[in-house]
Novice: 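Take this structure first; my questions come after.
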Number of protein chains: 2
Amino acid sequence: MEKLLDALKALSDETRLRILNLLYEKELCVCDIMEALQISQAKASRHLIYLKNAELVKDRKHAQWVYYSMALDERMKFMDSLVYDNLRNLELYQNDLQNLKDWLKRKNIKCD
Amino acid sequence: MEKLLDALKALSDETRLRILNLLYEKELCVCDIMEALQISQAKASRHLIYLKNAELVKDRKHAQWVYYSMALDERMKFMDSLVYDNLRNLELYQNDLQNLKDWLKRKNIKCD
DNA sequence: CTCATATATTCGCTTAAGCGATTATATGAG
DNA sequence: CTCATATAATCGCTTAAGCGAATATATGAG
């Protein structure tokens, strides 16, 4: 079966792990990801599409934004352990979350 | 952190998943793997070394044989779900287990 | 020592991944 | 319509993965 293998391939890249770590918090648009991870737009978009093809995330279009969020089926329940027992213990991923938080705050202030 | 990522990269290849599925049953030597999966010796050896470098398995030499077995630390506990909730539901991996069983039986008869 | 068996390593090749830079497309604002 | 913003897609390049075939190494048997 291909589906599981596709999901695991999607998990074998650090940028994608960093993205999943953020999406585990909440639904985000591409520009949130680029800002939080400080990566290029093309890179963020590419990896998000990769994750979508692997059926780990789903997307939702609204105006000119595309919002991505986790889309885990029953089989992928091991993802919880991966994120909470592993990623969240690592400095890089903690920093990413903090950067996301800071960025969302700035973004909201801008919109006021 | 590199270690988790190395482990995940190790999980992103079907042959290595098939090997892990077998090692989840019991400690095996390289030739058991080649026979059960019907793959070449070089291929079995290469992937086992890959898994060892990723610290998912450990090896033990005895005479001319090298025995490999699972070596999961606390962080890798999601592997249980991966194997039992996913791999073991798939025909390919079930067949591999049956082939292993058959091979071990033949092997023992030969040794009598 | 010599041979057979088990395993690891190397080589050359092919294919896939990831990347930056650029371009294309879609949407909303004015 | 025109412009700015958000996202996706393409191109060319570089590097990594995986493979089969062949060779090397280690161990036990006799």
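Naming convention: chains lettered A, B, ... in sequence-line order (proteins, then strands); numbering from 1 in each chain. All values reported here derive from a predicted model rather than from experimental measurement.
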Novice: Using whole Å, what does the distance between atom P of nucleotide dG18(D) and atom CG of Leu5(A) come to?
Specialist: 10 Å
Novice: Can you identify which nucleotide, out of dT27(D), dC19(D), dA8(C), has its nearest atom closest to the Ala63(B) side chain?
Specialist: dT27(D)
Novice: Counting any heavy atom closer than 4.0 Å, what does Ala42(B) reach on the DNA or RNA strands: base, sugar-phosphate only, or nothing?
Specialist: base
Novice: In degrees rounded to 10°, what angle is found between the helical axes fit to the five outermost pairs at each end of the helix from dC1(C)-dG30(D) to dG30(C)-dC1(D)?
Specialist: 20°
Novice: Nearest heavy atom decides the nucleotide; on that basis, is Arg16(A) or Arg46(B) closer to the 5' end of DNA chain C?
Specialist: Arg46(B)
Novice: I'd like to know if Asp73(A) and Lys3(A) make a salt bridge, using a cut-off of under 4.0 Å between side-chain N and carboxylate O.
Specialist: yes
Novice: Out of dA8(C), dC19(D), dG20(C), which has the shortest distance to the side chain of Lys43(A)?
Specialist: dG20(C)
Novice: Can you say whether a donor on the side chain of Gln41(B) sits under 3.5 Å from an acceptor on the base of dA6(C), or the other way round?
Specialist: no
Novice: Give the rounded distance in Å between these two atoms: CH2 of Trp65(A) and P of dA4(D).
Specialist: 16 Å
Novice: Less than 4.0 angstrom between a side-chain N/O of Ser45(A) and OP1 or OP2 of dT7(D), yes or no?
Specialist: no
Novice: Can you check the Ile49(A) CD1 to dT10(D) C1' distance for me, whole Å?
Specialist: 12 Å
Novice: Under 3.5 Å, is there a donor-acceptor pair linking the side chains of Tyr84(A) and Asn89(A)?
Specialist: no
Novice: I need the CG-P distance between Leu17(B) and dG18(D), as an integer number of Å.
Specialist: 11 Å
Novice: Using a 4.0 Å heavy-atom cut-off, does Lys61(B) contact any base of the nucleic acid, only the sugar-phosphate backbone, or nothing at all?
Specialist: nothing
Novice: So does Lys52(A) pair up with Glu55(A), basic N to acidic O under 4.0 Å?
Specialist: no
Novice: Grab the CD-P distance between Glu14(B) and dC19(D) for me, whole Å please.
Specialist: 10 Å
Novice: I'd like to know if Glu25(A) and Arg88(A) make a salt bridge, using a cut-off of under 4.0 Å between side-chain N and carboxylate O.
Specialist: yes
Novice: With a 3.5 Å cut-off and no angle check, do the side chains of Tyr24(B) and Asp80(B) form a donor-acceptor pair?
Specialist: yes
Novice: For residues Tyr67(B) and Ile39(B): do they belong to one hydrophobic cluster (side chain heavy atoms under 4.5 Å, members Ile, Leu, Val, Met, Phe, Trp, Tyr)?
Specialist: no
Novice: Grab the NE2-P distance between His47(A) and dA17(C) for me, whole Å please.
Specialist: 12 Å
Novice: Using a heavy-atom cut-off of under 4.0 Å over every strand shown, decide if Tyr68(B) touches base, sugar-phosphate, or nothing.
Specialist: sugar-phosphate
Novice: Does this structure show an ion pair linking Glu35(B) with Lys107(B), if we count only N-O contacts that are shorter than 4.0 Å?
Specialist: no
Novice: Looking at dG28(C), dT7(D), dT27(D), which one has an atom nearest to any side-chain atom of Gln64(A)?
Specialist: dG28(C)
Novice: Using atom CG of Leu8(A) as one end and atom C1' of dA17(C) as the other, report the distance to the nearest whole Å.
Specialist: 17 Å
Novice: Heavy atoms only, 4.0 Å cut-off, all strands: where does Tyr50(B) land among base, sugar-phosphate and nothing?
Specialist: sugar-phosphate
Novice: May I have the distance from Asp6(A) (atom CG) to dA16(C) (atom C1'), rounded to whole angstrom?
Specialist: 14 Å
Novice: Using the rule given for side chain to side chain contact (heavy atoms under 4.5 Å, CB included), can you reason through Leu8(B) versus Leu11(B), listing the C-alpha separation, both sets of side-chain angles and the distance that settles it, and then say yes or no?
Specialist: CA-CA 5 Å; Leu8(B) 290 171; Leu11(B) 297 178; 4.2 Å; yes
